2 protein chains.
Amino acid sequence: MARQAGVSAATVSRVLNDSPLVVEPTRARVRAAVDELGYRLNATARTLSLGRATAVGVVVPFFTTHSVIERLRGVVARLSGGGQRAYDLLLYDVEAPEQRADAMRDLADRNRVAGLLIVSLPIFDDEIDALQRDDLPAVLLDVSHPRLPGVVVDNVRGGELAAEHLLAKGHSHIGFVGDHPTNEYGFTSSEDRRRGFSSALDRAGIRLDPSMERYGVPDRDEADVLTRSLLQQPAPPTAIFAASDLQAIGVLRACEALGARVPDDVAVIGFDDVDLAEIVGLTTIHQPLRESGELAADLLVAAIEHGVHDPVQEVQELTVVERRTT
Amino acid sequence: MARQAGVSAATVSRVLNDSPLVVEPTRARVRAAVDELGYRLNATARTLSLGRATAVGVVVPFFTTHSVIERLRGVVARLSGGGQRAYDLLLYDVEAPEQRADAMRDLADRNRVAGLLIVSLPIFDDEIDALQRDDLPAVLLDVSHPRLPGVVVDNVRGGELAAEHLLAKGHSHIGFVGDHPTNEYGFTSSEDRRRGFSSALDRAGIRLDPSMERYGVPDRDEADVLTRSLLQQPAPPTAIFAASDLQAIGVLRACEALGARVPDDVAVIGFDDVDLAEIVGLTTIHQPLRESGELAADLLVAAIEHGVHDPVQEVQELTVVERRTT
DNA sequence: CTGAAAGCGCTTACAG
DNA sequence: CTGAAAGCGCTTACAG
């Protein structure tokens, strides 16, 4: 014990917590002893005593997409910033829907965590009830719910942007490759993007024909086979909107395999603007991934430190980045 | 308190910890009460009481490379496996060298963590002393030290493999693009790869001329400008070995910009085999990234649960994956 | 087999 | 301004 400084544990605690109650001479004495012994507070005991944790939980489907990682980078940048109010970051990977509920219960009930950041995973009302019962602040990233603060993007609008871009390029026979509308994680962004896409087409007097749509699991290989079937029809599309960059890469690969030149025979536009997009020269809808993580982390810290008054939804800007595939 | 089950806290604790000392009827009664109340042990209190944490700390330079993320995926897959021996995962991002020391001191001293997994970051003797003083198991991933278990790859051998591949393709005028030998993180793999590369060339009677080497920070843009200067010399190389796939992408971009055809005018080989490599068709040295994370996580769990007897170094296999750039 | 009690390392009214 | 004491929610000898 650092009371080799000739003071009580209470005083050490006060000094280390910057209590104003300690007079300078003793304060100095304690600091000296602390430095000499390399003493540090035990965070576990502190958490228990204080009744609040110094860590935040980040619940995230770690394996699904590049974009999730990029968001996480923003979160990490903000949270382990070495600065004053650094929170420990407890990472909870969610591989399957059931795990999400488990993770949240674990984190909430056990008071391990001062707040929860939930990335890309839909949340249910009873789960929110549980969080509020435990007084656990939470913020959503890439999903939204009226009762919780969140940072999102207008995916429907993003779909419109994609349609407008393709329309402006003169296309009228257009295809779509995206996620199954119902999928095990409950992701909805692909479907939202398709809706916006489809309705913008409608407004231009063009119908997104069912024969021009393909759905599957959101990975490259699946997008590849989906695209082949799209392209091998009697009247193949001259442009394809993929619900994510990863899927767009699959589309590109199928085009290459079938000898369709991009963008001359078929134009391709993706969504997300992950680093891959720039590397392959993919035209895409850019969303601020890294920034979304930073913003969400800031919101969470604010919620932890000041409470949440009314749950803001931060809607981030979308832009089209034109590269070589359209 | 769940002693609504009519028993003491001690008994509840025993039941929840599967102590054999509790007779079946009471056990059942406690379980029923636990289920009904949705009661869960408070991990913080448990940690404090037991004197050992249920989390492991993962110290990782989160922003540096794709390969780090891929390794992390392996770690996550193993650790948050939902199974019995699931450890919480405390993520410590290290942005700068000083932070590494901070992170380790934080984690170790405060007893937050049952073990440490250190990814891609060199560690010093005095830091190891500190770990051992605290009895904190640690395993290294993508770095090695004689006193600690680790999983690595033979980077020198990898460089040789790259050289042998290029040699077999008939090249004799060969360039290298890699990291500065001394860099702030203390990464050494680029330099190790270059050494192996250079000595395999030597053995073939070919000298890696200083005018054929370029060094910089390990990112795409830097590799791009480095490559331009390499290619704009009187006698440009006909093949280039890049110390990582990311750098190889920069090399490819420079080739494109300068109108050099790949692989006809210049062949390019990378290192790592991240997903990017497959997407752009890059020939590269494959290392089992995901698996390395899984293995390291397993080693750490073993070290935590059974102690470490002698520090094994797991050396993983390297292979060349030939694609379209050589 | 079960309970009362002490202890894990902090924090914070409460006295002084 | 500082210390003694209680309490945070567990676990585990120690009795019984």
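All of these numbers come straight from a predicted model, not from anything done at the bench. Quick note on labels: first sequence line is chain A, next is B, and so on, each numbered from 1.
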*What do the steps show when you test Val58(A) against Leu72(A) for side chain to side chain contact (heavy atoms under 4.5 Å, CB included), and what is the final call?*
CA-CA 9 Å; Val58(A) 177; Leu72(A) 204 49; 3.7 Å; yes
*Apply salt bridge (Lys or Arg N to Asp or Glu O under 4.0 Å) to the pair Arg290(B) and Asp272(B), showing each step before the final yes or no.*
CA-CA 11 Å; Arg290(B) 174 88 58 110; Asp272(B) 285 339; over 6 Å; no
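Annotation: salt bridge (charged side-chain N to carboxylate O under 4.0 Å, His left out) contacts involving residues 136-149 of chain A, sequence neighbours excluded, comprise Arg71(A)-Asp142(A), Asp125(A)-Arg147(A), Asp129(A)-Arg147(A).
Comparing dA5(D) with dC1(D), their P atoms are spaced 23 Å from each other, to the whole Å. When the P atom is used for both dC10(D) and dC14(D), the distance is 24 Å, rounded to whole Å.
Between Leu48(B) atom CG and dA6(C) atom P there is a gap of 17 Å when expressed in whole angstrom units.
If you take CD1 on Ile128(A) and CG on Leu140(A), they are separated by 7.0 Å, rounding to the nearest 0.5 Å.
Considering every non-hydrogen atom in both Pro218(B) and Asp179(B), the closest pair reads CB-OD1, 3.4 Å.
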*asked:* Base contacts versus sugar-phosphate-only contacts with protein, heavy atoms under 4.0 Å: please encode nucleotides 11-16 of chain C as B, S and - from 5' to 3'.
replied: BBB---
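A donor-acceptor contact closer than 3.5 angstrom is absent between the side chains of Thr26(B) and Arg14(B).
At the heavy-atom level, Thr26(B) lies under 4.0 Å from the strands shown only through sugar-phosphate atoms.
Residues Phe62(B) and Ile69(B) have side chains in contact (heavy-atom distance under 4.5 Å, counting atoms from C-beta outward).
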*Whenever both distances are under 3.5 Å in a Watson-Crick or G-U wobble pair, mark it; put DNA chain D into dot-bracket that way, with [ ] for crossing pairs and | when the partner is on another strand.*
|||.||||||||.|||
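Residue Tyr39(B) places at least one side-chain N or O under 4.0 Å from the OP1 or OP2 atom of dC10(D).
Shown here is Glu36(B), whose CD atom has no more than 12 heavy atoms of other residues, nucleotides or ligands within 6.0 Å.
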